[in-house]
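Numbers for residues simply follow the sequence, beginning at 1.
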Amino acid sequence: MGRVTQKYQVSLELLLPYCYEALANDFSDCHLFFEAPENVWIHSVPRLIFILEGKQTGHFYRDGKMEEIELSAPCCIFCSAKGHLSTYPQSYPCRALSFSFIPNYIRAMHIDYIEGVVPPTDRDIYFHSSKQLEAGGRKLIEAIETLHHDGRLEVCKHLLKPLMEVAVKNLQAFAPSEIPNTINLGNEIVAYLREHREQSISRKQLSKVFRVSQGYISRVIRTCLGKTFEEIQQELRLEHAATLLLNTRLSVNEISERCGYNYANYFIRRFVKKYGMTPLVFRNKQRAANKEK
């Protein structure tokens with residue numbers, strides 16, 4: 001999510017007709033994306049997208065490889081927080097409606113692509129709610145993730161329309177909010193932490209790099225990602241550790257040290273808490289699963 005310029009319109013009244021246009025469709029053409037490379041996933045939040053008119057070419061990851069897909073209107077798309085999907089219009093005109101479920105608010109937008117013009121323009125409409133998606137909507141997202149893990153993709157697809165219905169209902173119920181000016185800084189901070197994930201970076205160091213207070217660093221991360229500085233740092237380290245376990249022959253002690261942990265036993269406890277198994281069991285299980293493919 002990059003910084004958004006002030007060319008667009010901010011209006012729930014103008015946005016709602018496009019929401020109703022999407023809901024009027026039968027959601028029979030649905031696509032779900034759950035996978036992303038390590039250097040991408042933490043930038044993302046769950047997204048629900050509906051292509052209302054035209055076509056888009058999408059790039060996504062499956063089994064660790066980039067693939068391409070043609071997405072034609074009308075179609076519904078769900079991209080999980082750890083999934084990756086990048087799109088660009090294949091033909092014009094092309095209109096798309098999207099909901100981004102950010103930890104503290106909902107970001108909804110209607111983008112109207114025309115040839116040779118990069119959004120946002122004064123035809124595009126944005127709206128940010130003052131609250132996050134309500135509990136029922138969050139449970140729908142959790143159910144979609146769980147069902148995907150269990151291989152029940154067709155059942156997942158049946159939950160997309162109820163999820164959009166909840167999102168539209170929430171937009172109408174919640175007061176509007178100013179578009180946060182912290183999103184870009186939040187992404188820059190996470191990118192810096194990822195680049196230095198093999199080092200123990202403190203908030204004090206970050207405050208000097210970005211020339212803001214340590215407290216502001218914490219608030220930006222909490223606003224953008226709904227987590228603490230320590231939680232984000234742990235997730236980056238453990239995701240990196242998982243990648244090293246699968247793609248290198250480094251020992252657990254070497255990976256622990258390389259990911260910024262001073263004590264291997266502490267690293268193992270954190271890893272077990274996240275993945276439900278020790279690093280060695282994780283390595284053996286994943287490699288065995290890859291051989292079966």
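Taking the six-membered ring for Trp, Tyr105 and Phe174 have ring centres at least 6.0 Å apart.
At least one donor-acceptor pair under 3.5 Å links the side chain of Thr248 to the backbone N or O of Leu244. Side-chain N or O atoms of Ser129 include one that pairs as donor or acceptor with a backbone N or O of Lys131 at under 3.5 Å. Between the side chain of Lys55 and the main chain of Ala73, no donor-acceptor pair closer than 3.5 Å is present. Proximity of a side-chain donor or acceptor of Gln233 to a complementary backbone N or O of Ile201 within less than 3.5 Å is detected. Looking only at distances, a side-chain donor or acceptor of Arg138 sits under 3.5 Å from a matching main-chain atom of Leu133. Between the side chain of Asp150 and the main chain of Arg152, no donor-acceptor pair closer than 3.5 Å is present. Put simply, the side chain of Asn170 gets close to the backbone of Glu134: a donor and an acceptor are under 3.5 Å apart. Proximity of a side-chain donor or acceptor of Arg123 to a complementary backbone N or O of Asp112 within less than 3.5 Å is detected.
Note on Ile49 and Ile106: separate hydrophobic clusters, where clusters join Ile, Leu, Val, Met, Phe, Trp and Tyr whose side-chain heavy atoms are under 4.5 Å apart, directly or indirectly. In the hydrophobic clustering of ILVMFWY residues, with side-chain heavy atoms under 4.5 Å counting as a link, Phe78 and Phe33 come out apart. With hydrophobic clusters built from ILVMFWY side chains whose heavy atoms lie under 4.5 angstrom apart, Phe99 does not share a cluster with Ile77. Leu71 and Leu97 end up in different hydrophobic clusters when Ile, Leu, Val, Met, Phe, Trp and Tyr side chains are linked at under 4.5 Å. Under the 4.5 Å side-chain heavy-atom criterion for grouping Ile, Leu, Val, Met, Phe, Trp and Tyr, Leu153 is not connected to Ile69 through any hydrophobic cluster.
The closest side-chain heavy-atom distance from Asn262 to Phe267 is not below 4.5 Å. Using a 4.5 Å heavy-atom cutoff, the side chains of Ile51 and Pro74 are not in contact. Within the 4.5 Å cutoff, the side chain of Met164 has heavy atoms near those of the Leu23 side chain. You'll find the side chain of Tyr61 stays beyond 4.5 Å of the side chain of Glu67, heavy atoms only. Side chains of Phe229 and Ile189 form no contact here, defined as non-hydrogen atoms less than 4.5 Å apart. Looking at heavy atoms from C-beta onward, Leu206 lies in side-chain contact with Leu193 at the 4.5 angstrom threshold. In this structure, Cys76 and Leu48 have side chains that are in contact, with non-hydrogen atoms separated by less than 4.5 Å.
Residue Ile111 holds its CD1 atom at 9.0 Å from CD1 of Ile125, rounded to the nearest 0.5 Å. Summarising the geometry, atom CD belonging to Glu230 is positioned 10.5 Å from atom CD1 belonging to Ile232; distances are rounded to the nearest 0.5 Å. Going from atom CZ of Arg203 over to atom CD of Gln214 covers 7.0 Å, rounded to the nearest 0.5 Å. To the nearest 0.5 Å, atoms CZ (Arg47) and CG (Leu85) are separated by 5.5 Å.
The environment of Gln132 atom CD is dense: over 12 non-hydrogen atoms of other residues, nucleotides or ligands sit within 6.0 angstrom. Heavy-atom neighbours of Glu70 CD from other residues, nucleotides or ligands within 6.0 Å: above the threshold of 12.
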- Query: Going through the distances and angles, do Glu254 and Arg249 end up as a salt bridge (Lys or Arg N to Asp or Glu O under 4.0 Å)?
  - Reply: CA-CA 10 Å; Glu254 289 171 323; Arg249 294 183 177 276; over 6 Å; no

- Message: Quick one, Lys274 with Glu239, criterion salt bridge (Lys or Arg N to Asp or Glu O under 4.0 Å). Give me CA distance, side-chain angles, the key distance, then yes/no.
- Response: CA-CA 10 Å; Lys274 179 174 176 61; Glu239 289 285 334; 3.6 Å; yes

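Looking at Arg222 and Thr228, their side chains never bring a donor and an acceptor atom within 3.5 Å of each other. Side-chain atoms of Ser251 and Asn253 form no donor-acceptor pair, as typed in the model, at a separation below 3.5 Å.
Salt-bridge annotation for Glu235 and Lys227: present, with a side-chain N of the basic residue lying under 4.0 Å from a carboxylate O of the acidic one.
Relative orientation of the Phe27 and Phe50 rings is tilted, given thresholds of 30° and 60° on the angle between their planes. Note: Phe271 and Phe282 have perpendicular aromatic rings, judged against thresholds of 30 and 60 degrees for the angle between ring planes.
A cation-pi arrangement is found for Arg237 relative to Tyr261, the charged atom lying closer than 6.0 Å to the ring centre and inside a 45° cone about the ring normal.
The ring-ring contact (aromatic ring centres under 6.0 Å, His included) with Phe34 is formed by just one residue from the set His149, His148, His84; it is His148.
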